[in-house]
Student: 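Right, I'll just put the structure down here and ask away after.
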Amino acid sequence: MAEDPSAPVVVITGASAGIGAALARELAGRRASLVLTARREEVLRELAVTLGGPVEVVPGDVTRRADVERVLERAMARFGGVDVWVNNAGRGITRPSFEAITEQDVDAMVRDNVRSVLHGMQVVLPHFKARKQGVIVNVSSMLSRVPLVSFRAAYSAAKAAVDALTEAARAELAKDFPAIRVVTVLPGVVATEFGNNALGGGPDSRSLPGAQPVDEVARVIADGLFAGPVDLYTRPGYFEMVLAHLRGLAGHPSA
Ligand SMILES: NC(=O)c1ccc[n+]([C@@H]2O[C@H](COP(=O)([O-])OP(=O)(O)OC[C@H]3O[C@@H](n4cnc5c(N)ncnc54)[C@H](OP(=O)(O)O)[C@@H]3O)[C@@H](O)[C@H]2O)c1
């Protein structure tokens, strides 16, 4: 298929499954040019052939900076630039109690959820600064704002770190690079294999009551890439849940 020079070039990490794969399908339908990365190359290639548009597959592990640098290099070589970079890859954890969290668990959560996002942001930012524009999207979690699911406490902490990094970068860029947009995505439970893939195993996110369909999440993210709130809650009512939580912490009478 001929490549459309006006189509945005979007990099998606963690594109082999779940939210990343659904976002790839959604954006392919909107004629984006895609650069997809994850560790499972065969799964990525199988997805790519179903998308029908220009897709570059770059296998890699986002916890390794050199792999993330290679993603940018391949995107530049194929498409000449990147418009949107989505740091979506991440991993949960299940531990039976707060006391069961180990130091290794904390290191793993920081490696898989925080360093991975930091790599993506730091690798693409020089390119966006040179062009004075671009969109960074970091997929966080409602558990970063309402960390009340104790079996995922170490994950919630890591995603809170993602929120802080995202907001700090946004604040730093606002003055000299106002056209670089930095978005935090805040999903609740989404029907993917996230639960099964968590360190320590299930519960299966797809079996949890009220799990949001993954295609709906992908549509919300795609709609919010270039306009709208930079804190992108994937369902109506989530922002109000966060406010109620914060009011409760502050002992606010309306909580
Ligand atoms: N599902 C939920 O309920 C939920 C809720 C809130 C937030 N989130 C967040 O949404 C994002 C996507 O989660 P999901 O639900 O789509 O989970 P998922 O179904 O488990 O998919 C995770 C994706 O990330 C990739 N990945 C994991 N570690 C990686 C690494 N080190 N390097 C490269 N790719 C890696 C996986 O591919 P490979 O195995 O092929 O590498 C896979 O494509 C995560 O950041 C997650 O924390 C999910």
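As the structure lists them, so they are numbered: ligands from 1, and atoms in each ligand from 1.
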Student: Mind checking side-chain hydrogen bond (donor to acceptor under 3.5 Å, both in side chains) for Arg40 and listing every partner two or more places apart, or none if nothing turns up?
Tutor: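 side-chain hydrogen bond (donor to acceptor under 3.5 Å, both in side chains) list for Arg40, sorted by chain: Ser16.
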Student: Can you list the residues that meet the ring pair (Phe, Tyr, Trp, His ring centres under 6.0 Å) rule with Tyr233, with sequence neighbours excluded?
Tutor: Phe239
Student: Under a 4.0 Å heavy-atom cut-off, what residues line ligand 1?
Tutor: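 Close residues (ligand 1, cut-off 4.0 Å): Gly14, Ala15, Ser16, Ala17, Gly18, Ile19, Ala38, Arg39, Arg40, Gly60, Asp61, Val62, Thr63, Asn88, Ala89, Gly90, Val139, Ser140, Ser141, Tyr155, Lys159, Pro187, Gly188, Val189, Val190, Thr192, Glu193, Phe194, Asn197.
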Student: Answer yes when Arg65 and Glu69 have at least one side-chain N-carboxylate O distance shorter than 4.0 Å, and no when they do not.
Tutor: no
Student: Within the supplied structure, the quantity of interest is the number of heavy atoms (other residues, nucleotides, ligands) at a distance under 6.0 Å from Glu167 CD; does it exceed 12?
Tutor: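 No, not enclosed.
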Student: With sequence neighbours left out, what residues match Ala179 under side-chain contact (heavy atoms from CB on, under 4.5 Å)?
Tutor: Gln133
Student: Of the options Ile136, Val137, Asn113, Val162, which is the one that meets Asn87 in a side chain to side chain contact (heavy atoms under 4.5 Å, CB included)?
Tutor: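 Among Ile136, Val137, Asn113, Val162, the one that satisfies the side chain to side chain contact (heavy atoms under 4.5 Å, CB included) with Asn87 is Ile136.
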